[in-house]
Amino acid sequence: MLKAIIIDDELYAREELNELLVETNQVQVIEQCSNAIEGLKAINCLKPDVVFLDIHMPQISGLELLSMLDQETMPKVVFVTAYDEYAVKAFEDNAFDYLLKPVESCRLLKTLKRINAERSELPNYEPIINNKLELIPCSGFNRILLLTPNEIEIAMSEQTGVHLLTEKDKFTASLSLKVLEEKTDLIRCHRQYLINPTCIREIKLLDNGSADIVTKSGHHAPVSRRYLKVIKDRFGLL
Amino acid sequence: MEVTLLLLQQLSVYLVITYLLSKTPLFMPMLFISGRNSHRIACYLLFSTFCILGTYFSLSIENALANTRAIGAVMGGLMGGPVVGLAVGLTGGLHRYSMGGFTDVACMISTTCEGLIGGLLHLYYLRKGCIEKIFRPLTAMAITLFAEIVQMLIILIVAEPFDKALLLVQSIALPMIIANSVGAALFMSIIQDRKAIFEKNYNAFSNKALRIAQLSVGVFRNGFDAKSCQKIANIIHQETGVGAVSITDREKILAFIGVGDDHHLCGTVISSDYTLQAIKSGEMTYADGYSTAYQCSIHEDCKLGSVLVIPLLEADGRVLGTVKLYEPKQKMFSTLNRSLGEGLAKLISNQILLGRYIQQKNLLNQSEIRLLQAQVNPHFLFNTLNTISAVTRKDPQKARELIQHLSHFFRSNLKQNIDQVTVKEELEHVHAYLEIELARFADRLSVRENIADELLSLKIPTFTLQPLIENAIKHGTSTLIGKGELDINGYLLEQGKETLVVLEVIDNAGNYKTPTNMNSKGLGLQIVDKRIKNEYGQRYGLTMTCETGVYSKATILIPLQKRKEA
């Protein structure tokens, strides 16, 4: 049995696909999500084998969601769309699997067959995903927030998750520090910290070869010896 | 006394010549004081002639001449100003000097002075801003009287011997003063009459032209065709009173009204040489039936005797067709109608161009509606089919309903060539659309509708409301992760003296961005706005307001009742 998550903003579309998947007896739908942010969380938590991903969704599209996932834990993705010539062309060019809505059951069976066959291969969606994220989804208390990367001063990974410090607030991101490092302009200054280089006010050099960064709004981030050289190089300091 | 009568007799001949001259175009410059050099030169030439004429029509008395020279000099000054007056007086004076006699020098000086006196009065009135006063015969009479007295004084002072001069003045003073003053008054009266007649004609002309212009506005709205040409030809025929009017395109007669319409039939190919020539050259041709023979090219017993063919020109000078005015054989072509004809051709040409422009604008409108209809986007269609497919499994009855809504939506989309529908009909179209979207977004969309009952029967342009709602869902509520809310309101609003129909579509997304340029408003919204503005005027149409993240509001304003005559 494949563990699957369905992400689609339309209720009937989710229900229909769920029914079709159940009928195949090959898939167990472990979660249905109505938007990309819920979907991101579910994928990170439940680690499904396959994700049925709608492309047109509010705020964050299916393709944007894909770019927020960590390459190493990337599930198989089956794109689902009612109509999108550009996306379909991209899928075909890259031999990615996709389904057109309304989904035909025989076509679905073919797709599942292929997924089972390629189960051990690590999918690479690089060609169709964005290199830079435009919005960073954060969950707050009973709300969903979308930050733009330049609002973030410091990102840090703690026991409770990845936290983002902005000028005034602190949020919990649904993304890993690694994805943030790869898909935004934040740079690594410590194993557990990323810093926005445009927000640095001061770098205090410490005796033991490490440093401490103070941001424009007064947040502190440690710089480990390993990353101090990288940061110095970046600013042209010797 | 005898001298007075004789002089008045001479004056009569002089005035008859004046009267005859007044009938010629030579007199035209006298009717209006323009202050231009051309006017001055014309005055100088004309009045110098009268001045010299006055000398010839003189009575020889005691080796001197009793004459009406003063009229020319004073009038010259009066009409042309001091410079012209001086020049006329000097010319008349030199001419008089060449005739000799013991008063030759005195007469030369006095005539020059008289011209100057007239000119100074002209200058005086000009400065006071009441130049029209010089046209009063009494003014002319008084100033000539004064000038003649001055002349007599000059003769007494300058002419030698004084005794002889005194004797002369005693005998000619009274007759000359009387004859010249009366003569000047009559002269001015002739000018005044001409002026009055001219202005009357001028008024009649402009009235006629304006009336025709007024009547012909918008006649070519549906193009330059036989029907509109019939209308215009009728108007011209009635207003000008010419024998017959015809309008042709480049090949055939489009309209013919008046004498000879039994054989000048619409649709007949042009056979008249004059017309063909006018079309070829782009210039007016005229056959008065006398100096240039005219014979109807269709029927030899045709009663029409003269024709004026004026080409209708496009902006680039290409000939569109002609307007032809005819008079029957026993009637003359009035110059009035001839010059009116030229103006008419210009007017009609402009009207045709305007008509063509309006027509193109309408065509554009129609094609835009088609575009709007064709804008039913594939996303919508496939999403709908997917929704129906999903619903079928669980609720076949609902699926059937959705298919009916979709069918209704497409049917009303395909209704072409209708430019106005009632609010009720537009709402039905909207409902068909909304039912589908409500099914598609299920738990994520709710719609509140609040349309005042009195609006339902009002007519609005087709596709006014639906594109706004589609826009609000596509770019508004569907982008929300939370629940989308849509408000559709319709009500009447009193604004000053006017009652407005207000239609609002409000979403709770607040995504609308004020466009940085006109084209980014979104084609659908642009067309909605443009069509309302075309129909009702610039003050109405679509306005968008938005509070980012809170709401976007599309407001349509349409005037109640008033529908602009398109």
Side-chain angles (χ1 to χ4, degrees), chain A residues 6-23 32-41 52 54-61 64-65 80-88 98-105 107-108 134-135 137-140 142-146 174, chain B residues 374-403 405-406 434-446 470 472-486 507-511 548-550 552:
Chain A
I6 298 172
I7 307 172
D8 193 319
D9 63 328
E10 290 173 30
L11 175 66
Y12 287 114
R14 288 197 300 274
E15 286 181 353
E16 169 76 358
L17 188 57
N18 183 40
E19 297 274 350
L20 287 169
L21 287 170
V22 169
E23 277 171 13
Q32 294 185 30
C33 305
S34 66
N35 61 59
I37 297 154
E38 281 178 23
L40 181 63
K41 260 203 242 170
F52 290 89
D54 185 24
I55 298 185
H56 285 279
M57 283 189 293
Q59 302 289 352
I60 294 176
S61 76
E64 281 168 324
L65 166 61
V80 186
T81 184
Y83 177 86
D84 191 329
E85 10 179 8
Y86 300 108
V88 165
Y98 67 93
L99 293 171
L100 289 174
K101 294 197 256 187
V103 178
E104 296 167 34
S105 23
R107 174 68 207 266
L108 185 59
E134 283 169 13
L135 293 171
C138 302
S139 42
N142 258 344
R143 57 175 185 165
I144 292 162
L145 232 121
L146 296 167
S174 316
Chain B
Q375 254 204 339
V376 169
N377 63 45
H379 282 281
F380 171 72
L381 183 57
F382 287 111
N383 280 319
T384 306
L385 292 175
N386 185 46
T387 308
I388 292 172
S389 155
V391 169
T392 310
R393 189 188 300 268
K394 290 201 161 164
D395 190 349
Q397 176 58 32
K398 177 149 195 202
R400 204 172 300 126
E401 280 168 25
L402 285 176
I403 290 171
H405 290 310
L406 185 65
L434 274 176
E435 286 297 336
I436 293 165
E437 294 293 57
L438 280 169
R440 181 181 157 205
F441 291 106
D443 50 340
R444 287 178 43 221
L445 177 64
S446 70
E470 188 173 334
I473 291 177
K474 199 171 153 194
H475 303 294
T477 58
S478 76
T479 68
L480 290 175
I481 284 177
K483 188 163 183 171
E485 286 165 12
L486 210 59
D507 68 47
N508 64 334
N511 287 340
T548 306
V550 183
S552 301

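In what follows, chains carry the letters A, B, and so on, assigned in the order in which the sequence lines appear, proteins first and then strands, with residues in each chain numbered from 1.
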query: Do other residues, nucleotides or ligands put more than 12 heavy atoms under 6.0 Å from A/E104 CD?
result: no
statement: Counting heavy-atom pairs under 4.5 Å with chain B, the top scorer among A/R14, A/E15, A/E38, A/K101 is A/K101
field: A/E134 atom CD: more than 12 heavy-atom contacts under 6.0 Å
entry: no
statement: Output for pair (B/L480 CG, A/D9 CG), nearest 0.5 Å, gives 11.5 Å
message: So for B/S478, is it side chain, backbone, both, or neither that comes closer than 4.5 Å to the heavy atoms of chain A?
response: backbone
- request: Pick one of side chain, backbone, both or neither for A/I37, based on which atoms fall under 4.5 Å of a heavy atom in chain B.
  value: side chain
query: Got a second to check how far B/N383's CG is from A/D54's CG, nearest 0.5 Å?
result: 8.0 Å
- line: The reported gap from CG in B/D443 to CD in A/E10 (rounded to nearest 0.5 angstrom) is 10.5 Å
- prompt: What is the minimum heavy-atom distance between A/L20 and B/R393, and which atoms define it?
  reply: CD2-NH2, 3.5 Å
task: Please indicate whether B/K398 has more than 12 foreign heavy atoms, meaning atoms of other residues, nucleotides or ligands, lying under 6.0 Å from its NZ.
output: yes
query: What's the shortest heavy-atom distance between B/I481 and A/P58, and which atoms?
result: N-CB, 4.1 Å
- prompt: How far apart are the closest heavy atoms of B/A390 and A/A13, and which atoms are they?
  reply: CB-N, 4.4 Å
field: Region of B/R444 that comes under 4.5 Å of a non-hydrogen atom in chain A
entry: side chain
